[in-house]
Amino acid sequence: LSDSRLSTILIFAAIIIKMALLLQQVTIADPRSAYNGQTTQVLIINGSIAAIGADIQPSADTRVVDAQGQVLLPGFTDVFSHFCDPGLEYKETLETGAAAAAAGGYCRVLVVPNTQPAVHNKPQVEYIVQKSKNLPVSILPYGAISKNCEGKDLAEMYDMRQSGAVAFSDGINPIQNSQVLTKALLYVKAFDGVVTQVPDEIALSKSGQMHEGVVSTQMGLPGKPALAETLLLNRDIELLRYTGSKLHVTG
């Protein structure tokens with residue numbers, strides 16, 4: 001293992017297994033911290049930062065790591081990931097997805113509802129919330145905007161919010177029907193919710209295999225025009241202005 005890879009594993013071991021770990025000569029990158037930009041020592045005990053400073057003396061059971069040239073920063077958040085659980089576990093599970101996230105420095109992951117069954121009701125949200133409690137990262141479920149992520153009828157968004165859904169999206173299925181998205185934007189205002197949408201006009205892009213341009217023409221492959229994104233994005237911005245709601249645009 002490389003030194004940086006080993007350090008990442010040891011930091012998560014210190015958090016999860018509650019071992020004591022001293023990082024020496026590590027550079028802190030956190031604009032919210034008074035130590036931002038400093039190269040110093042960081043002591044982690046029982047899963048929390050216990051001390052920061054150049055004069056820390058480790059105890060006999062503390063694992064010491066020379067982190068010179070490495071950077072310590074807050075854990076990342078992935079706001080659009082697919083862990084395929086429930087129903088598509090042959091691709092990924094909550095456990096394997098959480099392990100991969102932890103190895104990459106992610107502490108929080110929002111997972112899309114495009115599972116089988118879709119996360120479009122209270123029991124499915126509760127399944128993810130309960131199954132994720134003992135995993136090394138926080139897995140936060142999106143609740144589907146529409147039933148089965150089909151873009152037709154609104155799902156049980158209020159109940160899902162009460163059960164732990166942090167936002168609402170049809171995930172990899174962009175809402176094509178303007179009326180459905182308008183209703184969703186208005187509905188979530190009742191509980192200060194957020195809708196997340198991938199801007200993609202499927203009628204223009206569904207046959208595309210790569211970005212439309214000179215290269216796609218030279219290779220003889222169907223292109224996906226940038227217009228497919230900008231067209232739906234412009235529509236969503238207008239619907240957002242109309243409803244006065246909250247919309248997060250993702251890719």
Side-chain angles (χ1 to χ4, degrees), residues 76-94 96-97 100-101 104 106 108-120 124 128 139-155 157 165-188 193-243 245-251:
F76 302 127
T77 298
D78 187 338
V79 298
F80 200 82
S81 188
H82 198 343
F83 281 0
C84 305
D85 187 354
L88 302 170
E89 291 88 352
Y90 68 95
K91 296 182 178 180
E92 187 78 274
T93 66
L94 294 175
T96 61
Y106 287 82
R108 290 169 298 276
V109 179
L110 278 67
V111 290
V112 295
N114 307 101
T115 50
Q116 294 181 359
V119 183
H120 64 174
Q124 296 304 327
I128 294 176
I139 299 178
L140 310 173
Y142 277 110
I145 293 173
S146 65
K147 294 179 181 178
N148 295 312
C149 298
E150 294 176 347
K152 298 177 181 178
D153 301 313
L154 289 186
M157 289 190 284
V166 295
F168 298 91
S169 173
D170 272 2
I172 60 176
N173 299 335
I175 299 290
Q176 304 295 300
N177 189 305
S178 298
Q179 185 182 45
V180 172
L181 184 58
T182 300
K183 288 182 177 179
L185 289 168
L186 289 171
Y187 191 91
V188 299
V194 178
V195 169
T196 296
Q197 168 89 319
V198 177
D200 188 11
E201 175 58 66
I202 301 299
L204 292 175
S205 67
K206 66 179 180 180
S207 61
Q209 298 181 13
M210 63 181 296
H211 179 70
E212 183 183 71
V214 175
V215 176
S216 66
T217 302
Q218 291 174 339
M219 297 182 67
L221 295 174
K224 181 175 179 178
L227 180 65
E229 180 175 299
T230 57
L231 190 64
L232 208 66
L233 180 59
N234 288 334
R235 182 208 67 173
D236 291 355
I237 290 173
E238 291 302 318
L239 293 180
L240 183 62
R241 286 173 176 158
Y242 174 74
T243 60
S245 188
K246 293 181 179 180
L247 176 69
H248 173 74
V249 178
T250 187

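Residues forming a side-chain hydrogen bond (donor to acceptor under 3.5 Å, both in side chains) with Glu89 (at least two apart in sequence, or on another chain): none. By the side-chain contact (heavy atoms from CB on, under 4.5 Å) test, Thr96 pairs with Glu92, Thr93, sequence neighbours left out. Residues passing the side-chain contact (heavy atoms from CB on, under 4.5 Å) test with Arg235 are Ser178, Leu181, Gln197, Leu232, Leu239, sequence neighbours excluded. By the side-chain hydrogen bond (donor to acceptor under 3.5 Å, both in side chains) test, Gln209 pairs with no residue at all, sequence neighbours left out. Contacts of Phe168 classified as ring pair (Phe, Tyr, Trp, His ring centres under 6.0 Å), with partners at least two apart in sequence or in another chain: Phe191. A search for side-chain contact (heavy atoms from CB on, under 4.5 Å) contacts involving Ile202 returns Pro174, Gln176, Asp200, Ser205, Lys206, not counting sequence neighbours. In terms of the side-chain hydrogen bond (donor to acceptor under 3.5 Å, both in side chains) criterion, Asn173 has no residue partners (sequence neighbours excluded). In this structure, the side-chain contact (heavy atoms from CB on, under 4.5 Å) partners of Leu231, at least two apart in sequence or on a different chain, are Glu201, Leu204, Leu227. In this structure, the salt bridge (charged side-chain N to carboxylate O under 4.0 Å, His left out) partners of Lys246, at least two apart in sequence or on a different chain, are Asp192. Under the rule for a ring pair (Phe, Tyr, Trp, His ring centres under 6.0 Å), the partners of Phe76 that lie at least two apart in sequence or sit in another chain are Tyr106.
Rounded to the nearest 0.5 angstrom, Asp85 CG and Leu94 CG are separated by 4.0 Å. The CG atom of Leu154 sits 6.5 Å away from atom NZ of Lys183, with the distance rounded to the nearest 0.5 Å. Taken from CD1 in Ile128 to OG1 in Thr115, the straight-line distance is 6.0 Å, to the nearest 0.5 Å. The OG1 atom of Thr250 sits 12.5 Å away from atom CD1 of Ile172, with the distance rounded to the nearest 0.5 Å.
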| Stepwise side chain to side chain contact (heavy atoms under 4.5 Å, CB included) test for Asp236 and Val249 | CA-CA 9 Å; Asp236 291 355; Val249 178; 5.8 Å; no
| Between Thr182 and Tyr242, is a side chain to side chain contact (heavy atoms under 4.5 Å, CB included) present by the stated rule, with each step listed? | CA-CA 8 Å; Thr182 300; Tyr242 174 74; 4.0 Å; yes
| said: If you apply the rule side chain to side chain contact (heavy atoms under 4.5 Å, CB included), what do you find for Asp153 with Val180, and how did you get there? | reply: CA-CA 7 Å; Asp153 301 313; Val180 172; over 6 Å; no
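Using a 4.5 Å cut-off on side-chain heavy atoms (C-beta onward), Val111 and Phe80 make no contact. Side-chain atoms of Pro117 and Gln124, non-hydrogen and from C-beta on, do get closer than 4.5 Å to each other.
The two residues Leu185 and Ser245 have their closest heavy-atom pair at O-OG, 2.7 Å. Ser81 approaches Val109 most closely through the heavy-atom pair CB-CG1, 3.5 Å.
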Between side-chain atoms of residues 211-221 and protein atoms elsewhere (two or more places apart, or another chain), which donor-acceptor pairs fall under 3.5 Å?
residue : atom : partner : partner atom : Å
Ser216  : OG   : Gly213  : N            : 2.9
Ser216  : OG   : Gly213  : O            : 2.8
Thr217  : OG1  : Gly213  : O            : 3.1

Could you go through residues 139-149 and list every donor-acceptor pair under 3.5 Å that involves a side-chain atom there, pairing it with any protein atom two or more places apart or in another chain?
residue : atom : partner : partner atom : Å
Tyr142  : OH   : Val79   : O            : 2.6
Ser146  : OG   : Glu150  : N            : 3.2
Ser146  : OG   : Gly151  : N            : 2.7
Ser146  : OG   : Asp170  : OD1          : 3.4
Ser146  : OG   : Asp170  : OD2          : 2.5

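Side chain of His248 to backbone of Val194: no donor-acceptor contact under 3.5 angstrom is found.
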